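For reference, the structure discussed in these notes is given below.
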Amino acid sequence: MERYDPSTIEAKWQRVWHDEHTWEVSNEPDPRPKGYVLEMLPYTSGEPHIGHLKNYALGDAIAHFWRRTGHRVLHPMGYDAFGLPAENHAIKTGQHPRESTEASIAQFRKDFRSWGISIDWTREFGTHEPRYYRWTQWIFLRLFEQGLAYRKEAAVKWCPNDQTVLANEQVIDGRCERCGFEVEARQLEQWFFRITEYADRLLEDMGRIEWPRHVVTMQENWIGRSEGAEVTFRCEELGIDYPVFTTRPDTLFGATFFVMAPEHPDVFRLNDSPEVHAYVNHALTESVEERGSEHKKKTGVPLGRTVTNPVTGEQIPMFVADYVLMEYGTGAIMAVPAHDERDFEFAQQFGLEIRRVVEPAAGEPAAEDEAFLGHGENERLINSDGFDGMSAPEAMKAITASLEERGLGRPAVSYRLRDWLLSRQRYWGCPIPILYCDSCGMLPVPDDQLPVELPDVHDYAPKGRSPLAAAEDWVNTTCPKCGGEARRETDTMDTFVDSAWYFLRYCDPNNDQAPFDREVLKRWMPVDQYIGGVEHAILHLLYARFFVKALADMGYLDVQEPFARLFTQGMILRDGDKMSKSKGNVVSPMAIVDRYGADTARCYILFIGPPEKDADWSDSGVGGVHRFLSRLWTAAHEAPEGPLEPDGEPTPLLRKAHWATDRVNRDMQANFGFNTAIAAVMELVNEVYRRRETSPASHVRFAIATAGSLIFPFAPHLGAEVYESMTGRRVWEQPWPEADPALLATDEFQLVVQMNGKLIDRIAAPTAASRDQLEEIARGSGKLAARLNGRQIVKAIVVPGKLVNFVVR
RNA sequence: GCCCGGGUGGUGGAAUCUGGUCAGACACUGGGGGCUUAAACCCCCCUGCUCCUCGAGGGCGUGUGGGUUCGAAUCCCACCCCGGGCACCA
């Protein structure tokens, strides 16, 4: 007996799609509405895992659905190829990162093809290819020209043993994660993108895109906009003004001391003692975790200086303490212990004055052993000369205004968002196209000399400087301005730069005059549906939004937001745990594909549950989906001969086919309801088995063809196979099926009869019946009479098409 | 601590937006039957708990406790638990 054999079927259709370039799409004008479906590009280290399968199965379902509902669909693929894992691999094995990366890309490409994902392969690229990163460099230069890429000194962690800069994550308890040496803080020149300049627009424009609420919230929190005031505190002894940012200008009268971050450049100027040096050095080398802990006991050292509180005129003492962060605000704070938990703690530690200036609303108790944080309409000011009795919000405005008059303050906004540090002292990344000439200074590499190609080196190990510094021939070059000697920038770019614009390049991937053509972009951007893991909710998505806004401002493109709609998929778990090699619970997608076929693998992963939620992998569940597809194939194989179009009176099977079409349509248009869509097709196939003996051949054939057509976005090979065997046609060339409303409606329905909200009977009733008629029918229920037991019907609630509820007393 | 999600059978989930068919689609697992020399595959049936007079019977059931309503898994309030994100941001 012949059986469903996915390997033959899948190879057959993949061959057709490949040979006929089925999924390629042209950039030429086209009257159909466009649809740009994009899954986040894979990061090519190692092999595809089950999360990739889910990601691309999701996107492919959307792409197929849109194609068959009349859209011209762009569904491209590429690889995020630069980055640390390939480089670390190179350090270990000596293999060039390009080799391991390209081996990985080859694996991904092969797998995507064997999964039957409908990709326009003519647009494929890796971000490590010069033809791509040439334009990454070009964009960098445009940002540089705009002052949006700049260099400044920043504090970094430095391991004196390994001679390298460490990422914050590589510092464990103040020590190098690799060699255990105590880490030092160093000020080094680093490259930044001025993303903070876009903070407000990144915040506001979230209103223009359809993203999951939690992702929007995460970005909002990350940007962290706070309104308040900048207030100047003057150190009279040194004649220096120190501005601070505060969200609580209403508490200014309660500012009884002043604290600076250890990184503040003026600390040693204020106090050069060994004690201060020791404290600062300790603070700087502390691990992020250590220093970041809210629960840590407050520490600090007095600086022996004072500043003037601008409203009270008091001299208040200055401290250096590590609970103040250099990166936020001005790196110094006014401390109001009565109304800030951290300041309160510090004041207690150091025996400083705690002066309450905001009173709790009448009737509310005022705890003495903690800071009072209230600042609503009901909280009123005290001990604040000239502002007493004002509500906190009033006082914020009034005090700020009065400071502004005296030139000692102004309203201000502060963000938690920091500029994007993009330089990496690493080999496997996009070179930063900048030169340093002794006579001309820092210069951009001229556009016509791009790309600055990554040279081959033999030693990838980090040495404090980028491994590129060792490539003397490459580093030493001539100055494009004066023709003298110049040196290249040896840092490379953060991988996130590469992926901040790749979706633009897909639109115009072979353009060698520009990164993309503005007119071509108009035909595709924005991405209509972006799909990926929630782990990129902040960085990647924020960076991409920033790039698009900056490029739009420069006139290179016409959208403000890259991703109109975003879908974040949940993870596939195993026994409630993340899959990981160390746990030994990894399910390889290829193992599933080999055993059951790509269609089963794809369908199962979509059937397992709502795609946005995490889902637990189940081996037996896969078998169930395979059984379903197999039943569909067998039904087609055994289908009776007959006409293509259903003839004669509607039968239950015909109605079921229309019902399933309707269900799938709703689920596709709603929010990725793929699990229920597949369930509806399962019901249809079950119905075929139940009714194929008793239904007209044309109805059986129609039902099977419909099942093939509906399952196509999820199981494209089998869908195509089944549809072709029923109709002789190619399913992807056929429009998406529409349910016939006449076949969805029925003449009769099961009228539910309730008594006090409890179901007691069901009676067949005409769909067209009026409310009164329905009530009549329900009153006729024998069960009702039996249950009434002499009680009275007080009221009848009629819900047409559904039920009649009798309220009985 | 703050901000998001989420708690439904032995299991994954459906119904939650828009309150309305004894909640439980679809599937897994389990049970029974058929096919087979046998097993696998496949096909069909049953499968929330519980009580009994075993029936087109009764009761109980969507984390807990309240509330709104003719009617609540669905709406509101409080609480408990689980998952995720952020966390000295002045």
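Just the heavy atoms: all of them, side chains too, but no hydrogens, waters or symmetry mates, feed the values below. Chain identifiers are assigned alphabetically (A, B, ...) following the order of the sequence lines, protein sequences preceding nucleic acid strands; residue numbering begins at 1 within each chain. Note that the coordinates shown come from a computational prediction; the quantities given were computed from them, not determined experimentally.
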**Request:** Quick one: list whatever passes side chain to side chain contact (heavy atoms under 4.5 Å, CB included) with E683(A), sequence neighbours left out.
**Result:**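 E683(A) satisfies side chain to side chain contact (heavy atoms under 4.5 Å, CB included) with K656(A), W659(A) only.
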
**Contacts of S770(A) that satisfy side chain to side chain contact (heavy atoms under 4.5 Å, CB included) - sequence neighbours left out** =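 D772(A), Q773(A).
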
Please report the distance separating the [atom1] of [N] from the corresponding atom of [M], rounded so that it comes out in whole Å.
N      : M      : atom1 : value
C4(B)  : G12(B) : C1'   : 24 Å
U18(B) : G32(B) : P     : 47 Å
G7(B)  : U74(B) : P     : 11 Å
G13(B) : A27(B) : C1'   : 8 Å
C76(B) : C17(B) : P     : 10 Å
U11(B) : U64(B) : P     : 15 Å
G10(B) : C49(B) : P     : 7 Å
C43(B) : U36(B) : C1'   : 13 Å

Phosphate OP1/OP2 of [N]: any [X] side-chain N/O under 4.0 Å:
X       : N      : answer
N805(A) : U69(B) : no
R663(A) : A25(B) : no
R627(A) : C28(B) : yes
N675(A) : G12(B) : no
S226(A) : A90(B) : yes
R631(A) : C44(B) : yes

**Message:** Both K795(A) and D667(A) contact RNA chain B. Which one's nearest nucleotide lies toward the 5' end?
**Reply:**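 Its nearest nucleotide being more 5', the pick is D667(A).
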
Searching all strands shown, indicate the nucleotide that pairs with [N] (Watson-Crick or G-U wobble; both distances under 3.5 Å).
N      : result
G24(B) : none
C60(B) : G48(B)
G65(B) : C77(B)
G71(B) : none

When we call it a touch if two heavy atoms are under 4.0 Å apart, what does [X] touch: a base, just sugar-phosphate, or nothing?
X       : answer
G329(A) : nothing
I608(A) : sugar-phosphate
V752(A) : base
Y689(A) : sugar-phosphate

**Asked** Hey, which of V324(A), L303(A), V320(A) is the one that makes side chain to side chain contact (heavy atoms under 4.5 Å, CB included) with V259(A)?
**Response**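 Looking at V324(A), L303(A), V320(A), the match for V259(A) under the side chain to side chain contact (heavy atoms under 4.5 Å, CB included) is V324(A).
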
**Message:** Between R574(A) and D616(A) (salt bridge meaning N to carboxylate O under 4.0 Å), is one present in this structure?
**Reply:**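 Result for this pair is no, no salt bridge flagged.
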
**Asked** To the side chain of I797(A), which of U29(B), G12(B), G20(B) is closest?
**Response**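 Of U29(B), G12(B), G20(B), G20(B) is nearest to the side chain of I797(A).
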
**Message:** Does the protein touch nucleotides 45-58 of chain B at the base, only the backbone, or not at all? Give it as B, S and - per nucleotide, heavy atoms under 4.0 Å.
**Reply:** -------------S

**W420(A) ring center within less than 6.0 Å of Y543(A) ring center** =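 Between W420(A) and Y543(A), which both carry aromatic rings, the centre distance is below 6.0 Å.
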
**Message:** Here's one to test your reading of the geometry: is the NZ or CZ of K298(A) within 45 degrees of the ring axis of Y323(A) and under 6.0 Å from its centre?
**Reply:**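 Here K298(A) passes the 6.0 Å and 45° test against Y323(A).
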
**Request:** Answer yes or no on whether R691(A) is positioned over the face of Y689(A), meaning its NZ or CZ is under 6.0 Å from the six-membered ring centre and within 45° of the axis.
**Result:**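 Relative to the ring axis of Y689(A), which defines the angle, R691(A) lies outside at least one limit.
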
**Prompt:** Going by atom types only, do T196(A) and D419(A) share a side-chain donor-acceptor pair under 3.5 Å?
**Reply:**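 A pair is found: one side chain offers a donor N or O, the other an acceptor, under 3.5 Å apart.
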
